Amino acid sequence: MKKIFLLSLLFITTNVVAATPWWEQPTVCRVNPATCYTSMGTGYDAGLWDAWANCWGMKMICGEALKNTDETMPVGRTELSRGTLTNSDYDLNVLNGDCFGVRKTSTDGSMASVNGQMVRVWCSGILDQVDEVIENGEITYGTQPDCQTLADAGYVAVGNGKCYGKYYDPARYYIQCAGETPTLIVLNGANYEMGYTSYPATQEDADAIFNSMYANVHGTGQIPQ
């Protein structure tokens with residue numbers, strides 16, 4: 001009778017052990033099932049195992065923020081910290097739709113990071129070669145437009161809200177470039193000749209020119225007092 005009772009207990013114990021999942025059995029070694037991130041919503045895949053970090057959950061990185069691919073893909077924490085797969089021009093902590101990775105910009109958004117350098121964000125319609133459209137305007141990955149190129153189109157490279165490039169009507173203004181420094185000349189109806197250098201040297205010279213123009217326009221022959 002005792003033997004039958006012991007056998008019954010052994011049978012019940014064996015079935016209980018067999019029914020217990022292996023990862024809940026205290027005598028079995030297992031990997032750490034803890035999550036990589038304290039919370040995982042949009043932009044994460046909680047079902048992916050991060051083998052290097054030894055935890056569940058991986059961050060989805062947008063294709064434009066990755067090197068050598070334009071496809072969104074999961075990247076482990078170790079790879080993110082190394083930066084070997086990601087583009088340093090992008091902020092990987094900012095959500096961009098359903099993945100992470102937004103181009104870094106200055107505080108006001110008028111400058112953007114391209115190849116590790118901060119370049120101007122140009123207002124729409126200025127660039128001949130637009131490589132990327134971002135929130136506040138357009139950027140080019142190549143050579144930035146110089147003063148004369150902009151002047152020929154009627155623009156000056158100054159801040160215009162959250163982008164660069166302010167338009168001046170060529171019928172009213174002439175933009176003169178000394179290297180990359182623009183000078184805005186108000187025409188006041190005069191015909192400005194490019195390369196003209198005979199500017200008034202003193203205030204008296206300027207007054208004389210103005211008085212002469214006034215007299216000619218009004219046909220009085222008299223200089224205003």
Side-chain angles (χ1 to χ4, degrees), residues 35-46 50 53 57-169 173 175-186:
T35 57
C36 278
Y37 302 95
T38 54
S39 62
M40 288 181 282
T42 304
Y44 295 90
D45 192 326
D50 189 340
M58 297 182 77
K59 210 170 186 179
M60 302 300 295
I61 304 301
C62 302
E64 56 265 33
L66 293 168
K67 297 176 181 176
N68 305 320
T69 182
D70 57 1
E71 297 291 332
T72 297
M73 61 180 287
V75 181
R77 296 182 73 177
T78 302
E79 293 165 318
L80 286 176
S81 63
R82 289 176 178 171
T84 53
L85 299 179
T86 54
N87 188 330
S88 61
D89 290 325
Y90 288 79
D91 189 337
L92 305 180
N93 294 312
V94 179
L95 193 62
N96 183 9
D98 58 358
C99 55
F100 285 90
V102 173
R103 188 176 290 279
K104 296 175 182 177
T105 59
S106 57
T107 303
D108 63 356
S110 65
M111 303 286 286
S113 180
V114 175
N115 297 324
Q117 302 292 325
M118 297 301 286
V119 301
R120 287 169 174 160
V121 177
W122 299 97
C123 300
S124 298
I126 294 178
L127 293 176
D128 291 331
Q129 177 62 47
V130 177
D131 290 310
E132 186 178 336
V133 178
I134 59 178
E135 183 178 2
N136 294 330
E138 303 168 343
I139 59 175
T140 177
Y141 303 155
T143 303
Q144 302 297 309
D146 60 23
C147 179
Q148 192 58 57
T149 299
L150 292 169
D152 291 343
Y155 287 94
V156 173
V158 295
N160 185 12
K162 294 184 177 181
C163 57
Y164 277 85
K166 191 169 183 179
Y167 180 75
Y168 290 91
D169 184 357
Y173 303 94
I175 303 168
Q176 179 173 279
C177 293
E180 288 304 304
T181 303
T183 298
L184 192 65
I185 298 172
V186 181

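All of these numbers come straight from a predicted model, not from anything done at the bench.
- Considering Tyr90, Tyr37, Tyr44 in turn, Tyr44 is the only one that fulfils the ring-ring contact (aromatic ring centres under 6.0 Å, His included) rule with Phe100.
- Under a 3.5 Å cut-off, the side chain of Asn160 and the backbone N or O of Cys163 do not form any donor-acceptor pair.
- Here the side chains of Leu66 and Thr72 are not in contact, with every heavy-atom distance at 4.5 Å or above.
- The two residues Asp108 and Ser110 come nearest to each other via the heavy atoms OD1-OG, 2.9 Å.
- From Cys62, atom SG reaches atom CG of Asp98 across 7.0 Å, with rounding to the nearest 0.5 Å.
- Separation of atoms CD1 (Ile175) and CG (Leu150) is listed at 8.5 Å; rounding is to 0.5 Å.
- In this structure, the side chains of Asn93 and Lys59 come closer than 4.5 Å at one or more pairs of heavy atoms.
- Arg103 has no carboxylate O lying under 4.0 Å from a charged side-chain N of Glu64, or vice versa, which leaves the two without a salt bridge.
- Once rounded to the nearest 0.5 Å, the distance linking CG of Asp50 with OG1 of Thr78 reads 6.0 Å.
- A ring-centre distance under 6.0 Å is not found for Tyr155 and Tyr168.
- In this structure, a donor-acceptor pair under 3.5 Å is present between the side chains of Asp131 and Thr140.
- Nearest heavy-atom pair, Gly165 versus Cys123, reported as atom, atom and distance to 0.1 Å: O-SG, 3.9 Å.
- The two residues Gly57 and Met40 make their nearest non-hydrogen contact at CA-SD, 3.5 Å.
- Taking CD1 from Ile139 and CD from Glu132, the interatomic distance works out to 4.0 Å, rounded to the nearest 0.5 Å.
- Panel note: side chain Asp89, backbone Gly116; a donor-acceptor pair is recorded below 3.5 Å.
- For the pair Thr86/Lys67, no side-chain contact is recorded, criterion being any heavy-atom separation below 4.5 Å from C-beta on.
- Crowding of Asp169 atom CG: a count of heavy atoms from other residues, nucleotides or ligands under 6.0 Å exceeding 12.
- Residues Pro145 and Trp122 form a side-chain contact, since some pair of their non-hydrogen atoms from C-beta on lies under 4.5 Å apart.
- Interatomic distance, Leu92 CG to Ser81 OG, rounded to the nearest 0.5 Å: 11.5 Å.
- Glu180 CD: more than 12 foreign heavy atoms inside a 6.0 Å radius.
- Counting heavy atoms from C-beta outward, Tyr173 and Val186 have side chains that approach closer than 4.5 Å.
- The two atoms that bring Thr42 and Gly97 nearest to each other are CG2-O, 3.6 Å, heavy atoms only.
- Side-chain contact check for Lys104 and Asn87: no donor-acceptor pair (N or O, by modelled atom type) lies under 3.5 Å.
- Between the CE atom of Met111 and the OH atom of Tyr164 there is a distance of 5.5 Å, given to the nearest 0.5 Å.
- Asp45 places none of its side-chain heavy atoms less than 4.5 Å from the side chain of Pro74.
- Nearest heavy-atom pair, Met58 versus Gly76, reported as atom, atom and distance to 0.1 Å: CE-N, 3.2 Å.
- For Val121 against Gly109, the heavy-atom pair with the smallest separation is CG2-O, 3.6 Å.
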